[in-house]
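The structure under discussion appears below in the form of structure tokens.
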Amino acid sequence: MRKARCYMILLFLFFLTATGDVLSSPEPGWVLVWADEFDGAGLPSPAYWTFETEGNQWGWGNNEAQFYTDRRLENARVEEGRLIITAREEPMGGKEYTSARINTRKLGGWLYGRIDARIKLPSGPGIWPAFWMLPVDNFYGGWPAGGEIDIMEFFGFMPDTIYCTIHTSAYNHRRGTQKGSKLKVANLHDDYHLYAVEWFPDRLDFYVDDAKVFSYEKTEDHPAAWPFDQHFYAILNCAVGGDWCYRMGGIGGTPFPQRLEVDYVRVYQWNDGNPHTLLVTATEGGRIHYEEKEAYVPGEEVRLRAEAEPGYKFLYWSGGLSTVHGSEARIKVFYDTAVRAHFAPEAEMLKNGDFEMGLLAWNRWVDTEAAAAEFFIDQGALRVDLKRPGKYDWQVQLTQAVPLAKGKTYTVSFDAWARRRSPVTLRLNQNYPPYAAYAYQAFTIGKEKKTYNFTVTIDKDDAGSRLEFDFGQGRGPVWLDNISMIEETETIAVTGGK
Ligand SMILES: [Ca+2]
Ligand SMILES: [Ca+2]
């Protein structure tokens, strides 16, 4: 009896498999989706890694003592199967030390998965190496709103101790509320250790070798606590000094050069063994081409191609792909995934003017000495809550970079409403000090949702300019939506006739 039933089940399975109706899937577990084993020699592969130098001017936010060099073998090289980042004591760029910081942002980052690296650490009180992650897109705004995942952080003045930490707008070191833990580990500088984060939709688990150091759980469905539903990229760097180091005695006594050695960086996705769906949508102005199925085998690769309609352009993806991916992209389906392609009219100069992508592409700034304000998404629009007005309107601002050209005419339009009649100033100005304005217009925003317009001809070329909205003299919440800026094409006067 038992045997016969078994036979029947086998026959049934065979039938389904033969007709292709059952999705075969590998055993549940981590599936390697990307790795750099650091084979070869020379600079780290430019197909994977980008050198970061732009923070040298401002000390990377922590008053750091090193100058990060760009593609310089003395600071970053691949040799004998590993990446070596070397911090050196040598003056460059106004700093006393050189080092390197590289990231994988150009790969588009990853959403969920296991990200690990086998690392041998440098030492000395002034050394500060890290293996960590930041968001590819500023979907929830700049640091710390977008989140930060510190898989491994070592402060040389704290021997034998590894830190694993997360930062969000609710929990970050600026407020002293960051979440994390630390672990004592022997032989950090003589042996390689495996540093890992396992990232799921509801938690982040941090490991050193097999020991779980820390778990951060999603207890609130709010980006202030959980911005970790966006793509993040990996960063490897070896800093020198920094504010905390100076408070703990400084760099003195650190022998140089110091080497951070990385055997590999690997990224895995979790295969739960189940087929998954892929929902693909597009905004107005384009369509997507791909092989549509009811379900996909776990890890099945799907090619997507976004095609704009005449008069429109492709902007970017959201959801299962980050905005870094081009109009042709591939995605491996490991969980039920939604992908959306965003298009805009060809003449549109702004990104994300409808705030469908949160605060992506917009920069917010508040002169916190003078004013207080919060920016967030409410009812699909940007809501600016002015808590304390400033002396000047520009002390609370929203900006987006746009190039301006001499002799061109631009029209900016936006929908706005306010709880109480409130002044908002619109400026086209320099995106660098002294932020001089090329044109501006003051508006009074009323209680009713209304479309406001501003048309101006610019008399200077400036590729480094921006659009700026100033709220600093307002009175309570103001909402903005559907912000658009277009370059007017010349109107050709048609004369004559019959
Ligand atoms: Ca290796
Ligand atoms: Ca909107």
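Atoms considered below: every heavy atom in the structure, side chains included; atoms not considered: hydrogens, waters and symmetry mates. Counting starts at 1 for both ligands and their atoms, following the listed order.
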Which atom, among the N/O/S set of Asp354, is closest to the Ca ion (ligand 2)? O
Would you name the N/O/S atom of Glu37 that lies closest to the Ca ion (ligand 1)? O
Between the Ca ion (ligand 2) and Gly380, is there an N, O or S atom separated by less than 3.0 Å? yes
Answer yes or no for Asp481: is there an N/O/S atom below the 3.0 Å cut-off from the Ca ion (ligand 2)? yes
Among all residues two or more places apart in sequence or in another chain, which pass the side chain to side chain donor-acceptor pair (under 3.5 Å) test with Arg421? none
Identify the residue among Trp199, Phe334, Phe200 that makes a ring-ring contact (aromatic ring centres under 6.0 Å, His included) with Trp30. Phe200
For Phe414, which of Phe443, Trp479, Phe454 qualifies under ring-ring contact (aromatic ring centres under 6.0 Å, His included)? Phe443
Round to 10° and report the angle made at the Ca ion (ligand 1) by O of Gly81 and OD1 of Asp263.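 Once rounded, the angle between the two atoms at the Ca ion (ligand 1) is 100°.
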Does this structure show an ion pair linking Arg72 with Asp70, if we count only N-O contacts that are shorter than 4.0 Å?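 Between Asp70 and Arg72 there is no salt bridge, as every charged N stays at least 4.0 Å from the carboxylate O atoms.
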Using the benzene-type ring in the case of Trp, are the ring centres of Tyr335 and Trp270 under 6.0 Å apart?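 They do not qualify: ring centres at least 6.0 Å apart.
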